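Inspection log for the structure reproduced underneath, given as structure tokens.
Whatever order the structure lists them in is the order used to number ligands and atoms, beginning at 1. What you see is a predicted model, and the numbers here were worked out from it, not measured in a lab. Side-chain atoms are counted along with the backbone in the values below, which use heavy atoms only and exclude waters and symmetry mates.
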Amino acid sequence: MAGSLIVIPTFNEKQNVASIATAVLSASTESHLLFVDDNSPDGTGALLDELAAGDSRIHVLHRSEKEGLGRAYLAAFAWALEQGYELIMEMDADFSHAPADVPRLIDAAAHADLVLGSRYVDGIRVINWPLSRLILSKGAAFYVRLITGMPFTDPTGGFKCFRRQVLQEIDLNRVQSNGYSFQIEMTHQVWMKGFRVVEVPIIFEERRSGQSKMNRAIVLEALWRIWRIAYQYGFRRRPRAKHPLSVGTREPSHG
Ligand SMILES: Nc1nc2c(ncn2[C@@H]2O[C@H](COP(=O)(O)OP(=O)(O)OP(=O)(O)O)[C@@H](O)[C@H]2O)c(=O)[nH]1
Ligand SMILES: [Mg+2]
């Protein structure tokens with residue numbers, strides 16, 4: 001049975017993939033990596049195949065067209081469950097998420113069903129971000145909390161770690177979001193099912209190279225989807241009960 005898998009979706013990330021693979025695998029030597037490439041026109045896919053051929057810890061899933069982050073992750077989760085990984089992480093290719101933080105997220109998953117890397121727990125930790133981007137991100141967090149009651153500081157973040165059971169228990173077919181709202185929708189489902197979600201502070205850095213895939217459509221999708229996400233749970237503002245498989249509900253051992 002394999003341990004942890006770090007999933008990195010890529011679209012035109014040729015400049016980043018080799019260095020992120022090296023950095024992540026040296027920060028977390030026991031982990032495996034799965035890149036999910038949507039047939040990037042810049043040739044990222046071919047480069048990923050070369051990396052995978054040179055290191056058995058690197059895997060690649062090729063998809064025929066760009067269908068967004070959400071679809072890429074869902075395909076990766078199905079693969080990860082089939083392969084038997086215990087922990088499944090999400091991470092960006094562009095060095096916004098520090099490879100050195102990977103072990104901290106993995107460690108936190110010993111006592112949580114879902115670990116969220118948060119830029120905003122106990123302060124604001126973003127480097128080189130334009131103020132407009134920060135306002136958008138903080139505004140999204142406020143909006144999500146207002147409408148759904150979900151109490152996390154950074155619900156749009158994409159640096160997180162799921163326990164296997166969580167991905168098995170949630171209805172992945174039901175997840176429809178694609179952009180940032182994918183992150184919100186996944187976390188909301190996990191939380192509403194009564195799983196234990198914890199936030200771990202991370203430092204987020206603006207991408208070093210390559211192009212942003214962030215656009216107006218992604219923001220608009222998030223704005224309306226939040227309503228749908230809340231509606232699906234009857235606008236209930238907290239989980240009903242702890243999930244029986246939650247690590248948070250296990251009997252503490254005595255002596
Ligand atoms: N497979 C796949 N990966 C994607 C897609 N859109 C974005 N990604 C990847 O998802 C990760 C996050 O996307 P980013 O473009 O960095 O999004 P962002 O962090 O909001 O924006 P910037 O950092 O400003 O570029 C990166 O590794 C992207 O390459 C997609 O449609 N398909
Ligand atoms: Mg990015």
Per ring-ring contact (aromatic ring centres under 6.0 Å, His included), Phe162 is matched among Phe77, Phe195, Tyr85, Tyr73 by Phe77

Counting C-beta onward and ignoring hydrogens, is there a side-chain heavy-atom pair between Leu116 and Lys160 closer than 4.5 Å? yes

Checking Ser31 now: which residues fulfil side-chain contact (heavy atoms from CB on, under 4.5 Å) with it, not counting sequence neighbours? Ser4, Ile6, Ser28, Ile106

Answer whether the closest heavy-atom distance between the side chains of Leu25 and Ile58 falls below 4.5 Å. yes

Find out whether the Lys NZ or Arg CZ of Arg174 is both under 6.0 angstrom from the six-membered ring centre of Tyr233 and within 45° of the ring's axis. yes

Students should find this: residues with any non-hydrogen atom under 4.0 Å from ligand 1. What is the answer? Pro9, Thr10, Phe11, Glu13, Val36, Asp38, Lys66, Gly68, Leu69, Ala72, Asp92, Ala93, Asp94, Arg133, Tyr180, Glu206, Arg207, Ser212, Lys213, Met214

Around atom NZ of Lys14, are there more than 12 heavy atoms from other residues, nucleotides or ligands closer than 6.0 Å? no

Near the Mg ion (ligand 2) (protein N/O/S, cut-off 2.8 Å, waters excluded) we have Asp94 OD2

Do the two ring centres, one from Phe35 and one from His59, sit under 6.0 Å apart? no

Cation-pi geometry met for Lys213 and Phe11 (6.0 Å, 45°): no

With sequence neighbours left out, write down each residue that passes side-chain contact (heavy atoms from CB on, under 4.5 Å) with Thr153, or none if nothing qualifies. Ser118, Tyr120, Val121, Glu199

